[in-house]
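One structure below.
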Number of protein chains: 2
Amino acid sequence: MTRTIPRPPASMEDVALDRLSGSLGFLLRLAQVQVFEAFFEDLGQYGLRPGEFSVLYVIHLNPGIRQGLLAQRLRIKRAHMTKMIRNFEERGLIARRTPDDDRRAIELRLTPEGEGFVSAHAEAFFSHDARRPTPLDPKEQAQLFALLQKYVGLTPETTP
Amino acid sequence: MTRTIPRPPASMEDVALDRLSGSLGFLLRLAQVQVFEAFFEDLGQYGLRPGEFSVLYVIHLNPGIRQGLLAQRLRIKRAHMTKMIRNFEERGLIARRTPDDDRRAIELRLTPEGEGFVSAHAEAFFSHDARRPTPLDPKEQAQLFALLQKYVGLTPETTP
DNA sequence: AATATTCTGTTTCCCAGTAGACAAATTTGC
DNA sequence: GCAAATTTGTCTACTGGGAAACAGAATATT
């Protein structure tokens, strides 16, 4: 034997990950960080945040949706949703209304300003992925989408 | 026309997402939350955290690795890594040492206790994915791994 | 009808993680 | 050899997000 003491890795490529690179959670985290960085590099200048836009967009699509249901669907905790919604309200982007038949609930709608925000940024937001060069070719990218959608239970409903 | 005012969605399945379900960032986030929850449901009882274990495991694989390189590889910010490392040190899991040839750097190694921690939890950690039933069949799961690895630039090196 | 249970959103308190400035050590350019 | 630029880790201050306890309203139980 020539050398029993391993030299510490000197560059990122030398760092051994072994079984970690087979951990789904680890891979998802790396991927998300990567996407996140690309997103800000591309759209951060407009003050656009992915979570923020998603919430407004879903309210746009589902006017009158209740806060809790929105949180459930986007997997945001209710406590956190309260803060986001308050912030949107302060910025004049959404309107809250308590329906008469259930005075616990709060129905959400976009104000005209909110609709303006969404329509102003929707195209940039949704075309971001496509604009971004990735190591995957189009076919692989489509596969990745399909697999993730299936994994999270969002397999697009065949219209009944 | 019968009704122009859409009824607000009443259950999660009714919530329209439209183009959002084609957003890579959104899908990755949903998937990560899902994996995270499954992980804690399964291993939270042992006080095991995914990020924490990953750091210790990579130090185990790369004894003497410097803090910054570790942060770079795991995409953790240096400032945050400082806190994690200090915490590990306080718990007696790692030892820090400044090499003579570069007195800025800090080399990290697991203590015997640290090695004990890693070997005690490695099997549970890495077999977690496999134990967990997912909506994907084994073939799809393998595809998902391969695509994610390629996406994040971790395509397993063919030994040269 | 009175009580208990559940549902909905909120509040308070906490922790993980980040940004940015910083000090010390090192490398580079002259 | 020395000043300037870069690297490495740390500090302070801040933000996003979560857990748990809470209050008011609705529903179930009796």
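Here is the naming used below: chain letters follow the sequence lines, and residue numbers restart at 1 for every chain.
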Which pairs of donor and acceptor atoms, one on a side chain in residues 119-128 of chain A, lie under 3.5 Å apart (sequence neighbours left out)?
unit_1	atom_1	unit_2	atom_2	d
A:Ser119	OG	A:Glu115	O	3.1
A:Ser119	OG	A:Gly116	O	3.3
A:His121	ND1	A:Phe117	O	3.0
A:Glu123	OE1	B:Arg19	NH2	3.1
A:Ser127	OG	A:Glu123	O	2.7
A:Ser127	OG	A:Arg131	NH1	2.5
A:His128	ND1	A:Asp42	OD2	2.7

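Pairs engaging residues 74-95 of chain A under the salt bridge (Lys or Arg N to Asp or Glu O under 4.0 Å) rule: A:Glu52-A:Arg91, A:Arg75-B:Glu37, A:Glu89-A:Arg96 [sequence neighbours left out]. Applying the salt bridge (Lys or Arg N to Asp or Glu O under 4.0 Å) definition to pairs two or more places apart or across chains, none involves residues 57-67 of chain A.
Atom pair A:Phe36:CZ and D:dG17:C1' shows a separation of 12 Å (rounding to whole Å applied). Atom-to-atom, CG of A:Leu108 to C1' of C:dG9 comes out at 11 Å; the value is rounded to the nearest Å. Residue A:Asp101 contributes atom CG, which lies 17 Å from atom P of C:dC7 at whole-angstrom precision. As a whole-Å value, the separation of A:Phe88 CZ from C:dG9 C1' is 17 Å. Here C:dC7 presents its C1' atom at 13 Å from CD1 of A:Ile106, a figure rounded to the nearest Å. Rounded to an integer number of Å, the gap from A:Arg49 CZ to C:dA19 C1' is 13 Å. In this entry the distance linking CD of B:Glu37 with C1' of D:dG18 reads 12 Å, nearest Å. Following rounding to the nearest Å, A:Arg97 (CZ) and C:dT8 (P) show an atom-to-atom distance of 17 Å.
Heavy-atom distances under 4.0 Å link DNA chain C to B:Lys77, B:Ala79, B:His80, B:Lys83 of residues 65-83 of chain B, given in residue order.
Of the possible donor and acceptor atoms, one in the side chain of B:Thr111 sits under 3.5 Å from a partner among the backbone N and O of B:Leu93. Between the side chain of B:Gln149 and the backbone N or O of B:Ala146, no donor-acceptor pair lies under 3.5 Å. With B:Asn62 contributing its side chain and A:Pro9 its backbone, the two residues share no donor-acceptor pair below 3.5 Å. For the pair A:Gln34 (side chain) and B:Tyr151 (backbone), a donor-acceptor distance under 3.5 Å is present. In this structure, A:Arg29 contributes its side chain and B:Leu74 its backbone to a donor-acceptor pair below 3.5 Å.
Residue A:Val35 is grouped with residue A:Leu154 when hydrophobic side chains (ILVMFWY) are merged at heavy-atom distances under 4.5 angstrom, including chains of intermediate members. A:Met84 and B:Leu17 fall within a single hydrophobic cluster, where Ile, Leu, Val, Met, Phe, Trp and Tyr are joined by side-chain heavy atoms under 4.5 Å apart, directly or via other members.
For the helix from C:dA1-D:dT30 to C:dC30-D:dG1, the axis fitted to the five pairs at one end and the axis fitted to the five pairs at the other end meet at an angle of 30° (nearest 10 degrees).
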Just the table, please: protein N/O against nucleotides 23-25 of chain D N/O, every pair under 3.5 Å.
unit_1	atom_1	unit_2	atom_2	d
D:dA25	OP1	A:Arg103	NH2	3.3

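With rounding to the nearest 0.5 Å, the separation of CE in B:Met81 from CZ in B:Phe88 is 8.5 Å.
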